[in-house]
Structure formats: structure tokens, C-alpha cells
Amino acid sequence: MGRGHLHMLRGAMPSSQIILLCLLSLTNAFYLPGVAPTQYEEGARVELKVNKLTSVKTQLPYSYYTLPVCTGPNSEISSKSLGEILTGDEIKSSAYKIRMKEDVTCKRLCTVPLKEKEKETLRRMVDEDYWVNWIVDNLPASTNFTRVIDGKDTPVTMVGFPVGSYHKDGTYSLNNHVTLHLEYHQNPNDKEGTSRIVGFRAQPYSISQSFRDDILEENGDKVICSGAGALPVFDFFQHNKVTYTYDVVWTESQVQWASRWDSYLQASPGSNQIHWFSILNSFVIVLILSVMVGMILLRTLLRDIAKYNELATKEEAAEETGWKLLHADVFREPPYSKLLVVSVGSGLQVLGMSTVVLIFALLGFLSPANRGGLLQSMMLLFTFMGLLSGYAAARMYRIFEKEDIRKVMLLTAILYPGVVFAIFFILNLFIWAKGSTGAVPFLTLFELLTLWFGISVPLVFLGSHYGFRRAPIELPTRTNKIPRGLPEQHWLSHPVPVCLAGGMLPFGSVFTEVFFILSSIWQHQFYYVFGFLALVMVILVITCAEVSIALIYFQLTAEDYRWWWRSFFSSGSSGLMLFAYSIFYHSTLQIEEGVSSILYFGYMIIMSLMLALLTGSIGTVSSFIFVKGIYGSVKID
């Protein structure tokens with residue numbers, strides 16, 4: 001079926017009761033639907049809407065009405081948010097007639113002629129594994145399958161259903177009949193007798209309907225499709241027209257309206273244990289790094305105390321002089337300092353955006369019913385976090401006693417957002433050339449530019465102005481005009497192997513979550529385990545800080561004062577690790593077209609860049625605090 005496994009994780013694995021209760025309070029965020037429930041009276045019209053066609057092979061969405069199907073009386077696009085436009089959603093009305101609690105059997109929808117062009121379109125859609133996505137009362141249609149997992153038949157729920165199938169005998173079939181299973185919940189205390197829809201499942205069939213003269217429908221059509229599973233499949237290459245039919249089955253359910261999304265977000269077997277094992281593994285990494293950094297700090301402080309008391313041995317004094325001798329060079333301006341401060345400022349902008357989004361997600365404000373809400377929230381928060389980006393870049397640039405703040409302001413506002421927008425624009429041209437609904441209209445591109453230059457850029461300038469006007473950070477030592485010489489370094493202390501090794505630990509701490517996030521993006525699944533993601537985010541921040549501090553300490557003891565850029569890349573190289581992993585992950589997908597691969601790697605470059613900026617900024621800021629602290633704790637002659 002080409003849709004991958006469903007990776008939705010919730011719950012917890014057995015642990016001590018106290019720790020379990022604390023963690024569950026974080027992972028089980030309550031759910032605020034964000035929309036008011038719709039009450040339906042018996043016989044009331046229930047609208048079925050159609051959304052885009054999706055495929056894991058091409059990653060290019062298309063309009064549902066690209067297919068030769070029955071068009072609705074008013075197949076206009078519903079109003080779309082910015083997030084829906086960016087994700088390629090195209091929700092339209094349909095010709096299906098559904099009424100509350102009224103079952104329907106073999107209802108004819110329409111008959112559509114099939115010409116060679118339509119047959120070729122259907123063949124391409126089947127070969128490329130396109131799936132149909134329908135919506136009823138804001139619930140996506142799901143389909144139940146049975147898969148063998150660990151030797152057992154396990155029910156699996158997928159969103160949508162395939163357009164058709166390709167058979168081993170070389171024939172193609174079209175799913176032209178569907179049974180709509182709708183579940184409703186009726187409140188016994190409701191005197192008006194209204195109900196709420198709490199479930200929507202579509203079971204597709206490919207059938208060659210039989211026609212009889214003694215069975216007439218209201219519109220005079222003669223069609224019967226009972227026993228759909230037993231009828232011969234509909235090979236669209238053998239017919240010149242296709243008849244679409246449907247059944248509607250209503251079932252009362254005890255599921256509450258607020259819990260109706262649980263069936264979509266429920267965990268697949270064994271997923272909980274995978275998540276908790278990953279978090280435990282990351283926690284062990286953080287624990288080891290914490291012990292290492294703690295020993296570094298403790299030894300440094302003990303040496304200082306021993307020296308002050310004149311009890312240090314000759315070996316300790318000789319070892320201490322390694323990093324202490326750099327006091328006149330340790331805060332020397334690095335090459336390309338503007339690029340460094342811009343990178344740190346942009347990284348803190350990404351960190352601020354991620355933190356606020358996670359907080360809102362934990363509080364339940366980012367409902368899965370609000371399509372595109374997560375992406376739209378990220379876009380808006382990134383825009384407003386330009387204030388933090390400009391402030392951080394200006395404050396850091398003042399450390400080097402520089403006054404030309406205008407270039408830094410301009411670079412902070414334009415450099416990395418410009419790189420991301422340029423990549424996005426080029427990818428959008430490829431999507432537009434394929435005629436996909438995933439192509440962002442030029443009006444929306446103009447709106448994005450308005451957000452960028454109308455809001456983000458002024459906020460960056462404002463933050464930079466405020467940060468530059470503040471008193472510069474007081475450094476514990478002065479910098480000599482002439483830099484000191486560097487002793488010969490061991491090849492293992494070369495920046496490339498050190499930074500690559502440093503990036504493995506942060507990436508390793510989030511590897512499992514990265515896998516599930518990529519699965520949700522490229523295999524069109526839901527990802528709603530923000531509690532786990534928040535825990536992993538905390539672990540990532542701690543890991544980046546401790547890795548950078550440890551590596552910078554070892555570099556300073558080797559009398560190498562060029563730590564600024566290394567502190568950024570020591571943890572920032574995790575972005576390179578992500579891109580390297582994305583190359584392997586691409587081989588596990590079913591992407592076949594060249595344009596689809598270009599889209600995949602283009603978007604992965606953007607994700608890797610964002611991760612590199614985020615982790616690199618954490619490493620630089622934490623290393624600066626560490627270096628400033630240790631040189632401020634010793635007496636400089």
C-alpha cells in the first residue's frame with residue numbers, strides 16, 4: 001500500500017511510580033479542540049468534503065477533481081489559512097448526499113465517461129500510489145487494514161484510501177464504490193435529541209455494478225451493488241464509463257466528541273517502549289556529560305583554591321597554566337565575527353520559536369483538527385522572534401567592541417531567512433511546473449514577503465537597536481593587540497574531527513524523534529506526541545551545552561584560544577548529521593521521480609540548517625558563559 005507504518009505514540013512504559021506520574025503530567029497534554037462541536041438533528045444534512053490526493057511516491061498533491069469523478073453542485077475551494085496553503089490542502093464540496101442517522105445502500109452518485117485521457121490519468125494515479133482524502137465534520141476518512149506484526153494479525157488505521165489497485169495479472173482497478181461508516185454520539189441528557197459525529201471510516205471497493213430492471217431508484221437509474229466484495233473488480237481500461245456508488249452506515253458510539261481524534265493518534269504496537277527507551281538512552285548521555293562537565297568545573301575550582309592557599313603542587317600548577325595563559329587572547333575577535341553573531345542570533349530565533357510552539361502544543365492549543373495550524377504558528381512565531389534574534393546578535397557583537405552595527409542588523413534580518421526563502425521559491429517552481437496543488441500561489445508568496453519585510457525585519461532592527469544601546473557585557477580579562485603564538489596541536493584536536501564527534505551526541509539524543517517526525521512528514525501521518533518531543537527538546541539543549549563546554553575546555557587546556565567558531569560547530573554539526581541521515585532515510589522511501597527527490601532534499605536542507613543554527617547557538621552561548629566564568633574566577637596578574 002506504500003504508506004508506511006503508523007507511528008503515533010502515546011502513554012508510557014513501566015517505571016517507578018513517582019517518575020512515571022511526573023513524566024505523564026508532561027506527555028499527556030490535555031486537548032483543546034479549538035472548534036465548537038456541531039449538533040445534528042436526525043435527518044439533517046451532513047456535508048462530505050474532498051481534500052487533495054496524496055502520494056508517498058511523488059510527494060506532489062493534486063486536486064481531487066483531477067480524477068474523472070462526480071463533481072459537486074458547488075465545487076469551490078473553501079477558505080484556506082496560510083498553513084493550509086503551504087501544505088497544499090484543497091478542500092472542496094462533493095456530490096455525496098448524507099443525512100444524519102439515515103442509512104443508504106448502493107446509492108448511485110453519477111456515471112462519468114472514460115476517454116483515453118481519463119484512463120491514462122487513472123493509470124498514473126494508481127501507479128504512483130495516490131490516496132483519496134475525504135472529510136466529514138472536520139474528521140478525515142480513515143481506512144482499516146490488517147497487517148502481520150510480530151507474527152500476529154494487527155489492525156492498522158490509515159488516513160484516506162487508495163484511488164485504485166494494480167494487480168499481478170497486469171490489470172488496473174478503480175475504487176468506484178465506498179461504504180461510509182459514520183459513528184455518532186448522542187447525549188441522553190439532550191432534550192432536543194441532537195447528535196455529534198465522532199467517527200468516520202471509508203471502506204473502498206472496486207466493483208462492476210450489475211443492473212436490473214426490477215430495481216429502480218428515485219432518479220430512474222437501475223443499479224445494484226450488494227455483496228460488493230464478491231463482485232468482479234472494475235477494470236477501467238475495459239470500460240468506457242464508470243458508475244460511482246456508495247453506502248452509508250450509521251452506528252451509535254460511546255466515544256465522547258472530545259476524544260474522537262484518539263483513533264487517529266493512537267500508538268502502534270511497541271511504539272511506547274521505543275520512545276521511552278530513546279529518552280532513557282538520551283538521559284544516560286546527558287548524565288555522562290553532566291558528570292564530565294561537573295568534574296571539569298570542580299577540578300578547576302579546586303585548583304584555584306589550592307593556588308590561592310599556595311598548596312598546589314608543581315604538576316597542578318603546570319597543568320593550570322594551560323588555559324590560564326590564554327587570558328589575554330581568549331576573548332579575541334574571531335574571523336568572520338559578523339557571520340558568527342548573525343548565526344547565533346538566528347539560532348536563538350529558531351530556539352525561541354520552537355519553545356513557544358511546544359508550550360502551546362503541550363497546552364493543547366494546536367489541535368490536529370486545525371489543518372496547517374502547526375506550520376502557520378511556526379511561521380508567525382518565527383516572524384515575531386526576530387526581536388530576539390536582533391537583540392542577541394547586537395549584544396554578542398558588542399563583545400568585540402565593534403560599532404558598525406548596521407551590517408549586523410541587515411545580515412541578521414536577511415541572510416538566513418533569505419537562504420530559506422530562496423530554496424523554498426526554487427522548489428515551488430518545480431511544484432508549479434508539475435501542476436500540483438502544493439504549489440504556493442504568488443499572492444501567498446507576496447504575503448510571506450510582507451511578513452518578512454513588514455514585520456520580521458523591523459523587529460530585528462528594533463531588537464538590534466535596543467541590544468546595541470545597552471552597556472556591553474563586561475569581560476574579566478583584556479585582550480592584547482598582538483595575538484600569542486599557538487603551540488603545535490595533535491591531529492585529533494583538529495576542528496573537523498572534534499566538531500563531527502561533538503555533533504554526534506546531540507543528534508544521537510534526538511535520533512528516534514527525528515525518525516518519527518520524518519515519517520509523519522514524508523509518509524503523511526499524524527504527529528501529536530508533543531510531550532515526548534518536549535522532553536527530548538530539554539535533553540537536546542542540555543546535551544548541546546555540555547558537549548560544547550567539554551570540548552572547549554579541552555581546547556583551552558591545549559593553549560588554543562580559537563574557540564568561538566568551534567563552540568558553534570561542536571554542537572551545530574548535528575545539522576550535518578541530520579542531512580547525512582536524510583540521505584539514508586531517502587533510500588527507505590518509495591520516492592521515484594527526480595522532482596520528488598529534489599523536493600525531499602531541498603526541504604531536508606532547510607531542516608538541517610534550522611537544526612544547525614539552533615544547536616550551534618546553544619553551544620556558543622553556553623561556552624561563552626563557561627569561559628567568562630572560569631576566567632573571572634582566577635586572579636590575573
Side-chain angles (χ1 to χ4, degrees), residues 286-309 312 316-334 337 340-341 343-345 347-348 351 391-401 467 470-480 484 493 498-499 502 505-506 538 540-572 615-637:
V286 170
L287 183 62
I288 294 174
L289 289 173
S290 299
V291 171
M292 182 183 301
V293 173
M295 291 179 61
I296 291 173
L297 295 175
L298 185 61
R299 290 183 62 190
T300 301
L301 292 176
L302 287 179
R303 286 202 203 106
D304 293 337
I305 295 174
K307 181 173 180 61
Y308 296 154
N309 294 326
E316 289 175 331
E319 187 178 359
E320 180 189 31
T321 55
W323 60 268
K324 185 181 177 183
L325 286 177
L326 304 178
H327 64 87
D329 296 272
V330 71
F331 294 108
R332 185 176 301 280
E333 180 184 358
S337 58
L340 176 64
V341 299
S343 301
V344 173
L348 293 178
L351 177 62
Y391 176 80
R395 291 288 290 162
M396 187 173 179
Y397 198 54
R398 288 296 307 273
I399 295 175
F400 308 125
E401 299 179 355
R470 292 198 60 186
I473 299 174
E474 185 177 351
L475 301 178
T477 62
R478 295 181 179 179
T479 302
N480 289 340
R484 73 190 308 269
S493 61
V498 170
C499 292
L505 292 176
V538 173
L540 175 65
V541 172
I542 297 175
T543 304
C544 290
E546 293 182 340
V547 163
S548 296
I549 289 175
L551 293 179
I552 294 308
Y553 174 76
F554 294 137
Q555 178 182 352
L556 294 179
T557 56
E559 299 183 16
D560 186 352
Y561 58 83
R562 301 169 301 178
W563 63 272
W564 284 103
W565 275 110
R566 189 174 297 193
S567 67
F568 184 87
F569 287 114
S570 293
S571 53
T615 54
S617 62
I618 296 172
T620 302
V621 172
S622 58
S623 297
F624 172 71
I625 295 174
F626 169 75
V627 173
K628 181 174 178 293
I630 62 173
Y631 280 93
S633 64
V634 296
K635 183 178 180 180
I636 305 299
D637 296 332

Handout entry: Test item: Val541 and Val538 side chains (from C-beta on) under 4.5 Å apart, heavy atoms
Key = no

Exercise for the section: Measure the spacing between OG of Ser343 and CH2 of Trp565 and express it to the nearest 0.5 Å. Expected result: 4.5 Å

Exercise for the section: Would you please name every residue forming a salt bridge (Lys or Arg N to Asp or Glu O under 4.0 Å) with Arg395, sequence neighbours left out? Expected result: none

Practice task
For residues Pro334 and Leu340, determine if any side-chain heavy atom of one lies less than 4.5 Å from a side-chain heavy atom of the other.
Solution key: yes

Handout entry: Separation between CH2 of Trp564 and CZ of Phe569, rounded to the nearest 0.5 Å
Key = 14.5 Å

Practice task
Just say parallel, tilted or perpendicular for the rings of Tyr397 and Phe400, cut-offs at 30° and 60°.
Solution key: perpendicular

Problem - With Ser617 via side-chain hydrogen bond (donor to acceptor under 3.5 Å, both in side chains) - residues at least two apart - result: none

Exercise for the section: Please name the pair of heavy atoms, one in Ser571 and one in Ser548, separated by the smallest distance, quoted to 0.1 Å. Expected result: OG-OG, 3.4 Å

Problem - Straight-line distance of Ile625 CD1 to Ile630 CD1, nearest 0.5 Å - result: 13.0 Å

Handout entry: Minimal non-hydrogen separation, Lys628 against Phe331, with atom names
Key = CA-CZ, 3.9 Å

Exercise for the section: Hey, could you give me the CD/OG distance between Gln555 and Ser623, rounded to the nearest 0.5 Å? Expected result: 9.5 Å

Practice task
State which residues pass ring-ring contact (aromatic ring centres under 6.0 Å, His included) with Tyr391; sequence neighbours excluded, sorted by chain then number.
Solution key: Tyr466

Practice task
Specify the closest pair of heavy atoms between Thr615 and Gly572, including all atoms of both residues, with the distance to one decimal.
Solution key: OG1-CA, 3.3 Å

Handout entry: By side-chain hydrogen bond (donor to acceptor under 3.5 Å, both in side chains) - contacts of Ser622 (at least two apart)
Key = none

Handout entry: Minimum heavy-atom distance between Asn480 and Arg332, given as atom pair plus value
Key = O-NH2, 2.8 Å

Fill in the blank from the handout: To the nearest 0.5 Å, atom CG of Leu551 lies from atom CG of Leu556 at 11.0 Å

Problem - Value rounded to 0.5 Å, distance of CG in Leu505 from CD in Glu546 - result: 10.5 Å

Fill in the blank from the handout: The ring-ring contact (aromatic ring centres under 6.0 Å, His included) partners of Trp563 (sequence neighbours excluded) come to none

Problem - Nearest heavy-atom neighbours spanning Ala545 and Ile618 - result: N-CG2, 4.0 Å

Exercise for the section: Go through the structure and list residues passing ring-ring contact (aromatic ring centres under 6.0 Å, His included) with Tyr561, not counting sequence neighbours. Expected result: none

